[in-house]
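Each remark here refers to the structure printed beneath this line.
Below, read A as the first sequence line, B as the second, and so on, with proteins coming before strands; counting in each chain starts at 1. Values reported hereafter were calculated over all heavy atoms of this structure, with side chains retained and with hydrogens, waters and symmetry mates removed.
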Amino acid sequence: MRKLLPGIILLIFLSACAPKQAALPILGNREPITKTVDGKTVTDTAYATIPDFKFVNQYADTITAKNLNGKIYVADFFFTTCPSICPVMHRNMLNVYKEFKDDDNFRIISHTIDPKYDTIPVLKRYADKMGITGNSWWLLHGNKGDTYNIAKSYLQTVQEKNPAGQFIHDGFFILIDKQKRIRGTYEGTDPKEVEKLIADIKILKAEPEQAASK
Amino acid sequence: MKLKLISGILLLIIVFAVSCQSDKQVEFNRYYSGGSAIYQAHCENCHGAKGEGLQALIPPLTDSIYLKNNKASLSCYIKKGLKGKIIIHEREFEGEMPVDDLAPIEIAKVLTYVTNSFGNKMGTIDLQRVQADLEKCR
């Protein structure tokens, strides 16, 4: 028995260190909130969430935050005539689309930052040419102010056309959980980062809290 | 004596021919490797690292027959942009390639790269040729 003890202790240590699937962080601003529960004051953390919004997708359907309730989703910002990073981003996003397009609890939303040119028929044509069907990838049209504002809550910056006629925007893919919290940002132009995004979506889907919430 | 002279001349001709050949090869290599860097910076976003294009939005650069048939216009496609219906690999594309204001020598290099990569093999498209083709752009 004596002899066994060190072995048991070692085993306990080892099992404590066994590799666990690393949980994804929660990003964005957080604030402590104090509540009174059962007469006691407790401090909780409020994480930044994506506020409500209203945009229109390529099928001319109105899309609000409600349409994403109970869904994990990825957001990005683009425009159809973008000559620089967007074709690369969406070449990579196609891999995300293909991986999860049969999962109704998953969505991709791509906001156009050039609503004047990217009208709904233009977005529909773009979707058709990209081979996007069904409802797993929405291309969203809205007024410029709304789009630029929502970009801020995704921690992104987009700007007006620069003198060369190009819009400046970040090429990030942002991963949002069912509680509308930011769980990761990925360089959309880098195939390796997008592979990580796909892996992270799988980790996120498996989180008990995510699996439970509808 | 005569034999020696003849074989000497023959040797000279061979040497010239060989060095001339390799001059051409050197020129090709220079265009091709320069073109590769220009392709990465100016074209790869859209047409892809392997010239594969993007779905039905951006055509691939792998249709050797199309490239051959339109060889004299390729410079203008880059300099003036390209718009409207085209058929690539029997698939219809109708998009718009924006103007890229590359210098003629850069156009020559990038076209040499494109027309000798992704399964294409058309040889050097040199500066003289590009300058002549650019004269005829509409």
Next item on the list: Check whether any side-chain heavy atom of B:Leu54 sits under 4.5 Å from a side-chain heavy atom of A:Val88, and report yes or no.
Entry: no

Margin query: With heavy-atom distances below 4.5 Å as the criterion, would you say the side chains of A:Pro87 and B:Ile58 are in contact?
Written below: yes

Give each N or O donor-acceptor pair spanning chain A and chain B at a distance under 3.5 Å, with atom names and distance to 0.1 Å, or state none.
residue: A:Ser84; atom: O; partner: B:Asn45; partner atom: ND2; Å: 2.9
residue: A:Arg91; atom: NH1; partner: B:Asn45; partner atom: O; Å: 3.2
residue: A:Arg91; atom: NH2; partner: B:Cys46; partner atom: O; Å: 2.6
residue: A:Arg91; atom: NH2; partner: B:Gly53; partner atom: O; Å: 3.4
residue: A:Lys129; atom: O; partner: B:Ala56; partner atom: N; Å: 2.9
residue: A:Lys129; atom: NZ; partner: B:Glu94; partner atom: O; Å: 2.5
residue: A:Met130; atom: O; partner: B:Gln55; partner atom: NE2; Å: 2.7

Next item on the list: For atom CG of A:Asp44, decide whether the heavy atoms of other residues, nucleotides or ligands shown that lie under 6.0 angstrom number more than 12.
Entry: yes

Check: Nearest heavy-atom pair of B:Cys46 and A:Pro83: which atoms, and what distance?
Finding: SG-O, 3.9 Å

Checklist line | Residues in side-chain hydrogen bond (donor to acceptor under 3.5 Å, both in side chains) contact with A:Lys54, at least two apart in sequence or another chain | finding: none

